[in-house]
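Every chain is numbered from 1, with letters handed out A, B, ... down the list of sequences.
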2 protein chains.
Amino acid sequence: MIGKLNHVAIAVPDLEKATAVYRDMLGARVSNPVDQPDHGVTVVFVELPNTKIELLRPLGEGSPIAGFLKRNPDGGMHHVCYEVDDILVARDRMKATGARILGDGEPKTGAHGKPVLFLHPKDFTGTLVELEQV
Amino acid sequence: MIGKLNHVAIAVPDLEKATAVYRDMLGARVSNPVDQPDHGVTVVFVELPNTKIELLRPLGEGSPIAGFLKRNPDGGMHHVCYEVDDILVARDRMKATGARILGDGEPKTGAHGKPVLFLHPKDFTGTLVELEQV
């Protein structure tokens with residue numbers, strides 16, 4: 001079912017510093033910061049030849065990554081996002097296998113404007129997994 | 001400098017269960033388990049169209065992922081591996097920028113039989129980074 005790894009999301013407390021690490025130390029191509037107020041994050045995209053790293057900093061009140069950064073003040077890997085062809089097929093497969101979908105169990109519009117689901121880390125080897133329809 | 005994301009490594013306490021999650025729930029193609037006694041892990045490779053997920057379980061005494069699993073008993077994302085063309089150029093660049101290389105600072109032979117370096121998470125947004133010459 002899952003296709004490509006769409007991105008690895010890394011939550012960071014200092015987006016300028018994290019951007020400099022990827023641009024200047026690791027020599028990668030990075031975007032300008034993009035505010036995503038609907039998702040409570042500001043994002044810098046690190047473009048690799050085969051996938052993306054997304055550096056995320058909290059934006060506004062109640063950011064979904066605020067709690068993670070409290071537990072991990074240096075930052076860290078927050079989630080992985082796998083692509084799927086059909087988010088409703090993916091949802092039904094997750095429900096059939098007993099995997100917990102976060103929130104109300106229905107797809108939402110994700111940060112790339114496409115339908116996404118987030119899956120419970122306890123059901124996925126301790127890793128927060130996003131599924132995105134592409 | 002960095003090229004492709006070679007893999008995301010996920011440390012897991014139960015390799016059979018983690019393999020089943022990726023094979024049966026997420027519908028991905030997975031390898032048989034491969035013991036890597038020199039690296040203190042048993043690995044299952046999850047083959048995605050653009051990169052790999054490596055599921056790692058400790059093997060033997062003093063496994064490098066044993067401490068991580070003590071802190072994260074459900075498992076979790078352990079490191080990311082970026083490809084580089086020349087590990088010595090990468091080493092010199094890391095030293096010049098003040099980034100800390102783990103161990104004695106020299107490349108070692110990694111789990112794929114190629115030269116690798118591991119970089120200090122504190123210098124890389126809280127994320128353990130492996131560089132692998134390909």
> Considering only heavy atoms and a distance below 4.5 Å, find which of A:Asn72, A:Leu26, A:Asp74 pairs most often with chain B.
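The candidate making the most pairs under 4.5 Å is A:Leu26.
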
> Against chain B, label A:Met94 side chain, backbone, both or neither, depending on which of its atoms sit under 4.5 Å from a heavy atom there.
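For A:Met94, the contact with chain B is made by the side chain alone.
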
> Taking side chain as everything from C-beta outward and backbone as N, CA, C, O, which of these in B:Asp24 sits under 4.5 Å from a heavy atom of chain A? Side chain, backbone, both or neither.
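Contact with chain A is through the backbone of B:Asp24 alone.
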
> Using a 4.5 angstrom heavy-atom cutoff, name the option from A:Leu131, A:Asp123, A:Thr125 with the most pairs to chain B.
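So the answer, after comparing A:Leu131, A:Asp123, A:Thr125, is A:Thr125.
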
> So which residue, B:Met25, B:Lys17, B:His79, ends up with the most heavy-atom pairs under 4.5 Å with chain A?
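The residue among B:Met25, B:Lys17, B:His79 with the greatest pair count is B:Met25.
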
> Under 4.5 Å heavy-atom distance to chain B, tell me which part of A:Ile10 shows up: side chain, backbone, both or neither.
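For A:Ile10, the side chain is the part near chain B, not the backbone.
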
> Between B:Gly3, B:Ala18, B:Ala28, which residue shows the highest count of heavy-atom pairs closer than 4.5 Å to chain A?
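Looking at each of B:Gly3, B:Ala18, B:Ala28 in turn, B:Gly3 comes out on top.
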
> B:Lys122 versus chain A, heavy atoms under 4.5 Å apart: side chain, backbone, both or neither?
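Contact with chain A involves the side chain of B:Lys122 alone.
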
> Got a sec: does the CZ of B:Arg23 have more than 12 other heavy atoms crowding it under 6.0 Å?
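Atom CZ in B:Arg23 is crowded, with more than 12 foreign heavy atoms closer than 6.0 Å.
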
> Picking from A:Val46, A:Leu5, A:Thr127, which has the most non-hydrogen pairs under 4.5 angstrom with chain B?
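The answer is A:Leu5.
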
> Test of understanding: clusters of I, L, V, M, F, W, Y form through side-chain heavy atoms closer than 4.5 Å, transitively. Do B:Ile65 and B:Val34 belong to the same one?
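Looking at the clustering, B:Val34 is in the same group as B:Ile65.
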
> Mind checking which of residues 50-58 of chain B sit less than 4.5 Å from chain A, heavy atom to heavy atom?
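B:Asn50, B:Thr51, B:Ile53 fall under the 4.5 Å cut-off.
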
> So for atom CG, which belongs to A:Asp85, do other residues, nucleotides or ligands contribute more than 12 heavy atoms lying within a distance under 6.0 Å?
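Counting neighbours around CG of A:Asp85, 12 or fewer heavy atoms of other residues, nucleotides or ligands fall under 6.0 Å, so no.
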
> Are A:Leu59 and A:Val30 connected in the hydrophobic side-chain network, where two residues link if heavy atoms are under 4.5 Å apart?
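No, because A:Leu59 and A:Val30 fall into different hydrophobic clusters, even though each may have its own neighbours under 4.5 Å.
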
> Hydrophobic clusters join Ile, Leu, Val, Met, Phe, Trp and Tyr when side-chain heavy atoms are under 4.5 Å apart, directly or via other members; which others share one with A:Val116?
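Result for A:Val116 is A:Leu102, A:Phe118, A:Leu128.
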
> I'd like to know which of A:Val21, A:Ile2, A:Leu48, A:Thr97 tops the heavy-atom pair count under 4.5 Å against chain B.
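Most heavy-atom pairs under 4.5 Å with chain B: A:Ile2.
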
> If two hydrophobic side chains count as joined below 4.5 Å and joins carry through other members, does A:Met77 share a cluster with B:Phe68?
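Looking at the clustering, B:Phe68 is in a separate group from A:Met77.
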
> Is there a continuous path of hydrophobic side-chain contacts, each under 4.5 Å between heavy atoms, that joins A:Leu15 to A:Val43?
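No, separate clusters.
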
> Please answer: with hydrophobic residues joined when any side-chain heavy atoms are less than 4.5 Å apart, are B:Leu69 and B:Tyr22 in the same cluster?
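In one cluster: no.
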
